[in-house]
Amino acid sequence: MILNLIIILRKFLRITKLNKLIALFINLFRSSDYYENKFKTNMLNLINKNYCIWDVGANRGLYTKLFSKDLDNDGYVYAFEPSKNNLLFLKENLKEEVNIEIVPYGLNEKNRKVSMYQGSDQNGATSKIVSNNIINNDKNQLFEIETFSGDYLIEQKGFKAPNFIKIDVEGYEYEVVAGLSNQLKDNILKIICIEMHFEEVAKRGFPNHPSLIVRMLQKHNFEVKWTDYSHIIASKI
């Protein structure tokens with residue numbers, strides 16, 4: 001019910017363009033990274049030192065490093081980043097870390113090759129998986145990547161099952177979660193933290209994906225809390 005209200009409200013604000021005015025008003029009193037920092041603080045407080053963490057959409061490794069520092073010798077981080085450009089920075093930023101494995105492909109509902117668009121922002125944070133017909137310009141920024149379901153990597157490729165997952169994949173959140181269906185059933189997985197990209201999933205034609213994610217998590221006994229209008233932290237009950 002709450003999620004449906006959030007989706008309706010976001011759509012109304014976007015159509016009326018009131019969202020920009022509200023954001024401007026809020027930023028007069030709060031820094032632009034207020035919500036991201038709140039999400040980060042809540043997320044880091046839930047990490048146990050021996051966790052296996054999957055950082056899905058690691059970008060240049062900001063969160064990956066923070067996760068790593070919270071772990072002991074038994075803890076481990078997989079940093080998933082399929083963008084070739086972002087990978088160069090990620091490898092450089094994490095070269096001193098010993099409990100991190102960089103994984104150069106994406107997660108999906110099933111194993112397949114897909115098209116990825118390299119974001120034009122300075123940090124490559126807006127890089128995303130796309131349908132070819134969505135991108136009309138900058139075709140040279142498109143490249144093919146491999147994606148696998150999380151269940152496949154664990155069951156067939158020997159990846160450690162995650163206790164904690166962070167997902168920031170610019171509108172591809174549903175596919176990532178759906179590809180971990182066996183893990184959702186398992187009590188090994190304790191925490192899932194997701195940035196929901198409402199506008200990106202709407203562009204792809206799947207505006208109901210955030211609702212489906214929440215229902216999927218609740219079905220598997222996760223308590224879902226919104227830290228703000230675009231971030232959720234789900235904890236196994």
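Nothing fancy with the numbering, it's 1 onward along the sequence.
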List the steps, then state whether side chain to side chain contact (heavy atoms under 4.5 Å, CB included) holds for Asp151 with Gln183. CA-CA 7 Å; Asp151 286 339; Gln183 307 314 307; 3.1 Å; yes
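- Of the candidates Glu175, Glu170, Glu200, Lys128 forms a salt bridge (Lys or Arg N to Asp or Glu O under 4.0 Å) with just one, namely Glu200.
- Both Val169 and Tyr105 sit in one connected hydrophobic cluster of ILVMFWY residues. Membership requires side-chain heavy atoms under 4.5 Å apart, directly or through other members.
- With hydrogens and angles left out, the side-chain atoms of Glu195 and Ser230 include no donor and acceptor closer than 3.5 Å.
- Using a 3.5 Å distance cut-off with no hydrogens or angles, the side chains of Tyr172 and Asn108 do pair a donor with an acceptor.
- Closest approach of Met116 and Pro82 over heavy atoms only: SD-CG, 3.7 Å.
- The neighbour count for Asn45 CG, taken as heavy atoms of other residues, nucleotides or ligands under 6.0 Å away, is above 12.
- Rounding to the nearest 0.5 Å gives a distance of 11.0 Å between CG of Asn93 and CD of Glu96.
- Hydrophobic clustering, with ILVMFWY side chains joined whenever heavy atoms are under 4.5 angstrom apart, keeps Phe39 apart from Leu62.
- Summarising the geometry of Leu184 relative to Phe222, their closest heavy-atom pair is O-CE1, 3.8 Å, with the distance given to 0.1 Å.
- Each of Leu180, Val176, Val103 was checked for a side-chain contact (heavy atoms from CB on, under 4.5 Å) with Trp54, and the lone residue meeting it is Leu180.
- With rounding to the nearest 0.5 Å, the separation of NZ in Lys38 from CG in Asp228 is 6.5 Å.
- For the pair Ile145 and Val114, the minimum side-chain heavy-atom distance is below 4.5 Å.
- Looking only at distances, a side-chain donor or acceptor of Arg204 sits under 3.5 Å from a matching main-chain atom of Gly171.
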Take Glu173 and His209 through the test side chain to side chain contact (heavy atoms under 4.5 Å, CB included) and record every step on the way to the result. CA-CA 8 Å; Glu173 300 86 39; His209 272 186; over 6 Å; no
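- Asn182 places no side-chain N or O within 3.5 Å of a backbone atom of Lys185 that could act as its donor or acceptor partner.
- Glu109 is listed as a side-chain neighbour of Tyr174, based on a closest heavy-atom distance under 4.5 Å.
- Counting heavy-atom neighbours within 6.0 Å of Phe89 CZ, excluding the residue itself, gives a total of 12 or less.
- A continuous path of hydrophobic side-chain contacts links Leu71 to Ile191 [ILVMFWY only; heavy atoms under 4.5 Å].
- Counting heavy atoms from C-beta on, the side chains of Ile102 and Leu90 come closer than 4.5 Å.
- Aromatic rings from Tyr78 and Phe159 are positioned such that their centres are separated by under 6.0 Å.
- Judged as a side-chain hydrogen bond (donor to acceptor under 3.5 Å, both in side chains), the pairs with a partner in residues 160-169 (not counting sequence neighbours) are, in order, Asp55-Lys166, Asp168-His197.
- Put simply, OG1 on Thr227 and CG on Asn37 are 11.0 Å apart, with the number rounded to the nearest 0.5 Å.
- For the pair Ile154 and Ala161, the tightest heavy-atom approach, listed with the atom from each and the gap, is CD1-CA, 3.9 Å.
- The distance from atom CD1 of Ile192 to atom CE of Met43, rounded to the nearest 0.5 Å, is 13.0 Å.
- Hydrophobic clustering (side-chain heavy atoms under 4.5 Å, transitive across Ile, Leu, Val, Met, Phe, Trp, Tyr) groups Met216 together with Leu189.
- For the atom pair NZ (Lys40) and CD (Glu36), the distance works out to 8.0 Å, reported to the nearest 0.5 Å.
- In this structure a side-chain-to-backbone donor-acceptor pair under 3.5 Å is missing from Lys236 to Asn221.
- Of all heavy-atom pairs between Phe198 and Val201, the closest is O-CG2, 3.1 Å.
- Put simply, the side chain of Asn59 never gets that close to the backbone of Asn86: no donor and acceptor are under 3.5 Å apart.
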Begin from the C-alpha positions of Val214 and Trp226 and carry the test side chain to side chain contact (heavy atoms under 4.5 Å, CB included) through to its verdict. CA-CA 10 Å; Val214 171; Trp226 292 82; 4.3 Å; yes
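- Using modelled atom types and a 3.5 Å distance limit, the side chains of Asn99 and Ser68 yield a donor-acceptor pair.
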Show your working on side chain to side chain donor-acceptor pair (under 3.5 Å) between Ser83 and Gln118 and close with a plain yes or no. CA-CA 7 Å; Ser83 162; Gln118 180 63 37; 2.5 Å; yes
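- Here the shortest heavy-atom pairing between Gly179 and Ser149 reads O-CB, 3.6 Å.
- Following chains of ILVMFWY side-chain contacts shorter than 4.5 Å, one cannot reach Leu217 starting from Phe206, and the two form parts of different hydrophobic clusters.
- Under 4.0 Å is where a charged nitrogen must lie from a carboxylate oxygen, and between Glu144 and Lys84 no such pair does.
- Judged purely by atom type and a 3.5 angstrom limit, Asp186 uses its side chain to pair as donor or acceptor with the backbone of Ile188.
- A centroid separation of less than 6.0 Å is found between the aromatic rings of Phe164 and Phe67.
- Residue Ile165 holds its CD1 atom at 8.5 Å from CD1 of Ile194, rounded to the nearest 0.5 Å.
- The closest side-chain donor-acceptor pair between Glu223 and Ser235, if any, does not fall under 3.5 angstrom.
- Leu46 and Asn42 get closest at one heavy-atom pair: CG-O, 3.4 Å.
- For Asp70, the side chain to side chain contact (heavy atoms under 4.5 Å, CB included) test picks out Leu44, Ile47, with sequence neighbours left out.
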Determine, step by step, whether Phe148 and Lys157 satisfy the side chain to side chain contact (heavy atoms under 4.5 Å, CB included) criterion, reporting the C-alpha distance in whole Å, the side-chain angles of both residues, the deciding distance to 0.1 Å, and the verdict. CA-CA 10 Å; Phe148 301 91; Lys157 293 298 182 180; 5.9 Å; no
